[in-house]
Each structure stands twice: as C-alpha cells, then as structure tokens.
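For reference, the structure is listed below as structure tokens.
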Amino acid sequence: MLFDHAAKLEQSQSIDDLWQDFMAILPSVGIDHAIYVSVANDMSDPFVLTSIPELYSERPPHEDPFLIHCCTSYKIIEIGTVFMHRHPYIDDAERAFITRAATLGFRAGLGIPMRLMGAARFGCFLLGNGQALVEFEKNVSRRAEELRLFCMIVHRRIEELNSPAAMPSASDTRPGLVGRELPPVFDALTARETEVILLLCQGKTRAESAQICGISVNTLSGYVKAGYKKLGVTNAVQATTLLR
C-alpha cells in the first residue's frame, strides 16, 4: 500500500527531497506526472511543484482550470483531454491549456483538492499519465481514495516545511495524519475507512472527523462501522490498541 511509504515522506527535511521521493513512489500506481499547486485564500502567492514545468510557461499556475473550478469542493475529479467532455463549463482558453498538457504526456488524470482545517492556503494535486479513458479508469481511478489520503499526507508536510508558523495550532481542528507503518490488519480497509479510523484514534470526535473529510457524520459513521468490522473491534480505544 501507498501508506507504507508515508513515514519516510513525513521525515523529509526539505521540499526537494519530499517531492523526489513522492515522484519515485507514484509509478507503482500508474502515475507518470504529478503537479502540486497551492495558493492563498485570495488565489495569490502560488506555490508549484511539477514534473512538467513547461506546462505553466503560458498560463500561470493560479489559473489552472482545476484550481479555478473544482477546489471549492472535496470531490476528486477525472481530468485531462480524455475526460474533457465531462466538463462543459470550461472555456476555450482552458481547453487549450488541457490539450497542451496532453502533448506533454498528461492525457488522463485525477484532480485531488487539498486543504487543512485552519490553514490559510488551499490547493490540489493533479496526477496523470498518457492512458486512454477506459484504461485509466481501470488502472488508476479505482485507487482515487487511496491516492487522496496519500496526497493529504504530502500536502501537510509541504505546508509544514514551507511555513511552520502558519500551520494551525494543536488546539485547532485539523487532520492529524501521521505517516506510519500500519499493522497488517489495516490492509483490509479502504483508504477512506483507514482515514476516518485514524482520525478517531487521534481523539477527534465524529463531527470533527466528518468536517475534516468533507462528508456528513452519517456517511462517516458508515465508514467507521465497516472499518471496525474488518478490524474486529467495536470502538476507537480498541482500534488504538491495534495501532500500538
């Protein structure tokens, strides 16, 4: 699982090392290219990490179509030229930008919004390759939730390395995602089930965890119930015991 690499990423002491390690891991899940863009809440001060820097030579990062249209939600979106027909709201300039990305090897991808509770910035990961639509959905889209949680770990570490003082205080509601090697019993869980149970094990309430994940408490409870059943436990205390 991708989470087996999380501890190493959270120990990175520079963004360059973090990004290199991140890029080295992605081919194992079929990802050839990755872009990370974050901005301040007013869309200023863009920060970019990318495997295809030439993509932004004609259009600035803060005008990336995904950042403009999709980062107001928590929803993962399939992007790229092969999925462009699903996004009729984009204009001609944005279509040209997406088409140019395809010439650089980014035909199909996932756009994954990123925001830490209490942080002054938000952004996204764009993960893609040159596959056709059906091939991408079969090989990559099915792992979307696993990739989202993995990217959240990387996003948090980037924020910490970029501006430690700007991170929310320990008393704020935020995802306390700590990369670590999980016991084998957690391999049976989906990425979302793992996430919500880890949040509860860190002392978050169900309401706080639901807010962090951008889902309802009822939806979260469904993931918790399914995860607890797979782990053979009935509450967060027992799940925490498994982690220890």
Checklist line | With sequence neighbours excluded, residues passing ring-ring contact (aromatic ring centres under 6.0 Å, His included) with Tyr36 | finding: Phe125, His155

Item checked: Ring centroid separation Tyr223 to Tyr228 under 6.0 Å -> no

Checklist line | Nearest heavy atoms of Phe83 and Ala108, plus distance in Å | finding: CE1-CB, 3.9 Å

Next item on the list: Applying side chain to side chain donor-acceptor pair (under 3.5 Å), name anything that partners Arg100, two or more places apart in sequence or on another chain.
Entry: Ser57

Checklist line | Donor-acceptor contact present, side-chain Thr50 to main-chain Ile52, <3.5 Å | finding: yes

Item checked: Heavy-atom pair of closest approach, residues Phe47 and Ile158 -> CE2-CG2, 3.8 Å

Next item on the list: Kindly compute the distance separating CZ (Phe150) from CG (Leu26), expressed to the nearest 0.5 Å.
Entry: 6.5 Å

Notebook entry, point to check: Does any N or O in the side chain of Gln238 come within less than 3.5 Å of the main-chain N or O of Thr234, such that one atom is a donor and the other an acceptor?
Noted result: yes

Note to self: For the CD1 atom of Ile31 and the CG atom of Leu110, what is their distance to the nearest 0.5 Å?
What the structure shows: 6.0 Å

Margin query: Can you confirm whether Leu9 sits close enough to Ile25 that some side-chain heavy atom of one is under 4.5 Å from a side-chain heavy atom of the other?
Written below: yes

Margin query: To check you understand the geometry: which heavy-atom pair defines the closest contact between Ile76 and Glu145, and what is its length?
Written below: CD1-OE2, 4.2 Å

Checklist line | Flag, side chain of Glu137 to backbone of Val134, donor-acceptor distance under 3.5 Å | finding: no

Next item on the list: With the side chain counted from C-beta on, respond yes when Asp32 and Pro27 share a heavy-atom pair under 4.5 Å apart, and no when they do not.
Entry: no

Notebook entry, point to check: Going hydrophobic residue to hydrophobic residue with side-chain gaps under 4.5 angstrom, can you get from Val196 over to Val217?
Noted result: no

Next item on the list: Quick one: pull up CZ in Arg156 and CG in Leu161 and give me the separation to the nearest 0.5 Å.
Entry: 11.5 Å

Margin query: Within the 4.5 Å heavy-atom criterion, are Lys230 and Thr190 side-chain neighbours or not?
Written below: yes

Checklist line | Side chain proximity check, Asn139 to Gln131, heavy atoms < 4.5 angstrom | finding: yes

Check: So do Asn129 and Val140 actually touch side chain to side chain, heavy atoms under 4.5 Å?
Finding: yes

Check: If we only count heavy atoms from C-beta on, is the Ile90 to His69 side-chain gap below 4.5 Å?
Finding: yes

Next item on the list: Would you check if Leu67 and Met43 make a side-chain contact, meaning some heavy-atom pair closer than 4.5 Å?
Entry: yes

Check: What is the distance from atom NE2 of His85 to atom CG of Leu133, rounded to the nearest 0.5 Å?
Finding: 6.0 Å

Check: Taking atom NZ of Lys225 and atom CD of Glu193, what is their separation to the nearest 0.5 Å?
Finding: 12.5 Å

Next item on the list: Could you tell me whether Glu54 and Arg59 make a salt bridge, using a distance below 4.0 angstrom between a side-chain N and a carboxylate O?
Entry: no

Item checked: Exercise: do Ser221 and Asn218 side chains pair donor with acceptor under 3.5 Å -> no

Next item on the list: Taking the side chain as every heavy atom from C-beta outward, state whether Lys138 and Glu135 have any atom pair closer than 4.5 Å.
Entry: no

Checklist line | Backbone of Ile215 reached by a side-chain donor or acceptor of Thr219 within 3.5 Å | finding: no

Notebook entry, point to check: Closest approach of Ile197 and Ala239, non-hydrogen atoms and distance?
Noted result: CG2-CB, 4.0 Å

Notebook entry, point to check: Is the shortest distance from a Lys or Arg side-chain nitrogen in Arg192 or Glu146 to a carboxylate oxygen in the other one below 4.0 Å?
Noted result: no

Margin query: With a 4.5 Å cut-off on side-chain heavy-atom distances among I, L, V, M, F, W and Y, is there a chain of contacts connecting Tyr89 to Phe97?
Written below: yes

Next item on the list: Look only at the side chain of Arg157 and the backbone of Ser12, and say whether a donor-acceptor pair between them is shorter than 3.5 Å.
Entry: yes

Next item on the list: Considering non-hydrogen atoms only, spot the tightest contact between Met23 and Ala34 and give its length.
Entry: SD-CB, 3.5 Å

Margin query: Under a 3.5 Å threshold, yes or no: a donor from one side chain and an acceptor from the other, between Glu94 and His87?
Written below: no

Margin query: On a heavy-atom basis, which atom in Leu199 and which in Ser209 lie closest, and how many Å separate them?
Written below: CB-OG, 3.5 Å

Margin query: So, taking the atom named CG in Leu231 and the one named CG in Leu189, what distance separates them when rounded to the nearest 0.5 Å?
Written below: 4.5 Å

Next item on the list: For the residue pair Glu78 and Ser141, confirm or rule out a side-chain donor-acceptor distance under 3.5 Å.
Entry: yes

